Amino acid sequence: AYLAFRKYTDVGTLQTRLDHYNLNQNLLTKLFNAEFAFYYDLFLPGLNKFNFPVPLSGHSVHFRTAALLKSGAWDPYNVTEDCDIGIRMHRLGFKTSMMNSLSWEEATSNLDSWLKQRTRWMKGFMQTSIVHLRHPSRLKGELGGWMNMFAFFMTIPGTILLNLLNLFSFALLFIWLVFQPQFIQTIFPAPVLYISLISFITGSFIFTYMNLLGIYRRNRYHMVKYILLSPIYWILLSVATLRALVQIVNSPYG
């Protein structure tokens, strides 16, 4: 990190890749690790390649001190202060780069702890979205234009929206399969139903395939069969996001 900061003077932040040393502990840790493999090996490097704003992950990140101080350092009220400061530093013109370095941590291995952890992360994404979208036109200019604004929206507010819509969609599917109420047929006439079905199949395939790409890059072929259970993990993500939505109202900073 020291040598990289000396060589690339325009870089304000260096983000390392993350991995879990207990990935094979149970099904939850396997799915958690597959998510991280895609996120740190493909998604964040992709954002970095196109110079889009990067939501930093505080597990293993290095800051240039001057850039950190100029950006105002950490917001004590944001429960994902790393994500927030990554966007703020981009708005101030500091670049983020990925280090080809791997940090190890423990994957949360029981459902209760995982839900609490992910609820906090989604709550912080909500806080970050609210703070930075207070002045949308200023945000667009400081991020670097419409494309960067779109990338920010899809990465942070879009993650929240996707998780909530996913839960709603799975709930509708369950109600239809069990009860087949008339109102769902009214909402989904034939053309809308076919479009929704194509979107569901295509979207599920793409997200599952991206997780497969992540674990293939890390040569974890034994995990392929578990990735087919990704929809279960998505439902858990949606539940955590719904919990975060309730908490952002009842206890926004706790």
Side-chain angles (χ1 to χ4, degrees), residues 1-25 28-75 78-109 113-114 117-118 120-121 124-125 128 144 148 151-152 155-156 159 209-224 226-227 233:
Y2 170 75
L3 294 174
F5 278 133
R6 288 198 61 180
K7 184 175 181 179
Y8 303 102
T9 56
D10 58 340
V11 170
T13 313
L14 292 166
Q15 172 74 65
T16 69
R17 296 155 54 219
L18 278 173
D19 203 354
H20 299 125
Y21 57 77
N22 64 325
L23 66 103
N24 290 312
Q25 184 171 344
L28 182 61
T29 59
K30 288 182 174 73
L31 294 175
F32 195 177
N33 185 258
E35 178 192 21
F36 265 36
F38 163 71
Y39 191 76
Y40 288 100
D41 285 8
L42 296 171
F43 184 65
L44 290 189
L47 293 179
N48 181 244
K49 180 178 180 180
F50 292 102
N51 198 32
F52 290 150
V54 176
L56 296 174
S57 177
H59 303 79
S60 187
V61 63
H62 305 267
F63 295 99
R64 190 184 299 277
T65 305
L68 181 64
L69 294 175
K70 185 176 180 180
S71 68
W74 291 273
D75 180 357
N78 192 315
V79 296
T80 54
E81 69 288 341
D82 41 9
C83 172
D84 169 61
I85 202 169
I87 304 304
R88 271 192 284 131
M89 293 186 74
H90 187 96
R91 294 180 68 170
L92 290 169
F94 296 110
K95 290 185 178 180
T96 295
S97 286
M98 299 295 297
M99 286 182 66
N100 189 21
S101 177
L102 197 63
S103 296
W104 296 86
E105 68 165 18
E106 181 180 7
T108 308
S109 57
S113 297
W114 184 92
Q117 181 188 55
R118 192 53 60 104
R120 178 176 61 81
W121 291 1
F125 270 37
T128 301
N148 284 13
F152 163 79
T155 304
I156 302 176
T159 297
Y209 184 68
M210 288 191 296
N211 280 349
L212 284 171
L213 286 178
I215 63 170
Y216 260 74
R217 283 178 60 89
R218 296 187 177 185
N219 301 317
R220 290 172 182 163
Y221 311 117
H222 69 284
M223 290 177 57
V224 169
Y226 300 105
I227 304 307
Y233 192 74

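Quick caveat, the model's predicted, so the values are computed rather than measured.
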Let me confirm one number: the [atom1]-[atom2] distance from [X] to [Y], rounded to the nearest 0.5 Å.
X      : Y      : atom1 : atom2 : answer
Asn33  : Gln25  : CG    : CD    : 12.0 Å
Arg218 : Arg17  : CZ    : CZ    : 5.5 Å
Arg64  : Arg6   : CZ    : CZ    : 10.5 Å
Asn24  : Met223 : CG    : CE    : 7.0 Å
Leu3   : Leu14  : CG    : CG    : 11.0 Å
Leu18  : Asp41  : CG    : CG    : 10.0 Å

Which pair of heavy atoms, one from [X] and one from [Y], lies closest together, and at what distance?
X      : Y      : answer
Asp75  : Glu81  : O-CB, 3.9 Å
Ser109 : Asn22  : CB-ND2, 4.4 Å
Leu92  : Ser71  : CD1-CA, 3.4 Å
Ala67  : Met89  : CB-CE, 3.5 Å
Tyr233 : Leu28  : CE1-CD1, 4.2 Å
His90  : Asn148 : NE2-ND2, 3.4 Å

Q) Can Thr80 and Asn78 be counted as having a side-chain donor-acceptor contact under 3.5 angstrom? A)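 Yes, a side-chain donor-acceptor pair sits under 3.5 Å.
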Q: For the residue pair Tyr221 and Asn219, confirm or rule out a side-chain donor-acceptor distance under 3.5 Å.
A: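 Checked: Tyr221/Asn219 side chains pair up, N/O donor to acceptor below 3.5 Å.
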Could you tell me if the side chain of [Y] sits less than 4.5 Å from the side chain of [X], heavy atoms only?
X      : Y      : value
Phe63  : Ile85  : yes
Asp19  : Phe36  : no
Phe152 : Ile87  : yes
Leu212 : Val224 : yes
Lys30  : Ile227 : no
His62  : Met99  : yes
Phe38  : Ile215 : no

Q: Count the heavy atoms belonging to other residues, nucleotides or ligands that lie under 6.0 Å from OH of Tyr39, then report whether that count exceeds 12.
A: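 Yes.
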Q) Does CG belonging to Asn100 count more than 12 external heavy atoms closer than 6.0 Å? A)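 Counting neighbours around CG of Asn100, 12 or fewer heavy atoms of other residues, nucleotides or ligands fall under 6.0 Å, so no.
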Would you mind writing out the side-chain donor-acceptor pairs for residues 42-57 within the sub-3.5 Å range, not counting sequence neighbours?
{"residue": "Asn48", "atom": "ND2", "partner": "Thr96", "partner atom": "O", "Å": "2.1"}
{"residue": "Ser57", "atom": "OG", "partner": "Tyr40", "partner atom": "OH", "Å": "2.5"}
{"residue": "Ser57", "atom": "OG", "partner": "His59", "partner atom": "ND1", "Å": "2.7"}

Q: List the steps, then state whether side-chain contact (heavy atoms from CB on, under 4.5 Å) holds for Tyr8 with Lys95.
A: CA-CA 10 Å; Tyr8 303 102; Lys95 290 185 178 180; over 6 Å; no
Q | Backbone of Thr16 reached by a side-chain donor or acceptor of Ser60 within 3.5 Å | A |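 No, the answer is negative, given that no donor and acceptor are paired below the 3.5 Å cut-off.
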**Q.** Plane angle bin for Phe32 and His20 - parallel if under 30°, tilted between 30 and 60°, otherwise perpendicular
**A.**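 Tilted.
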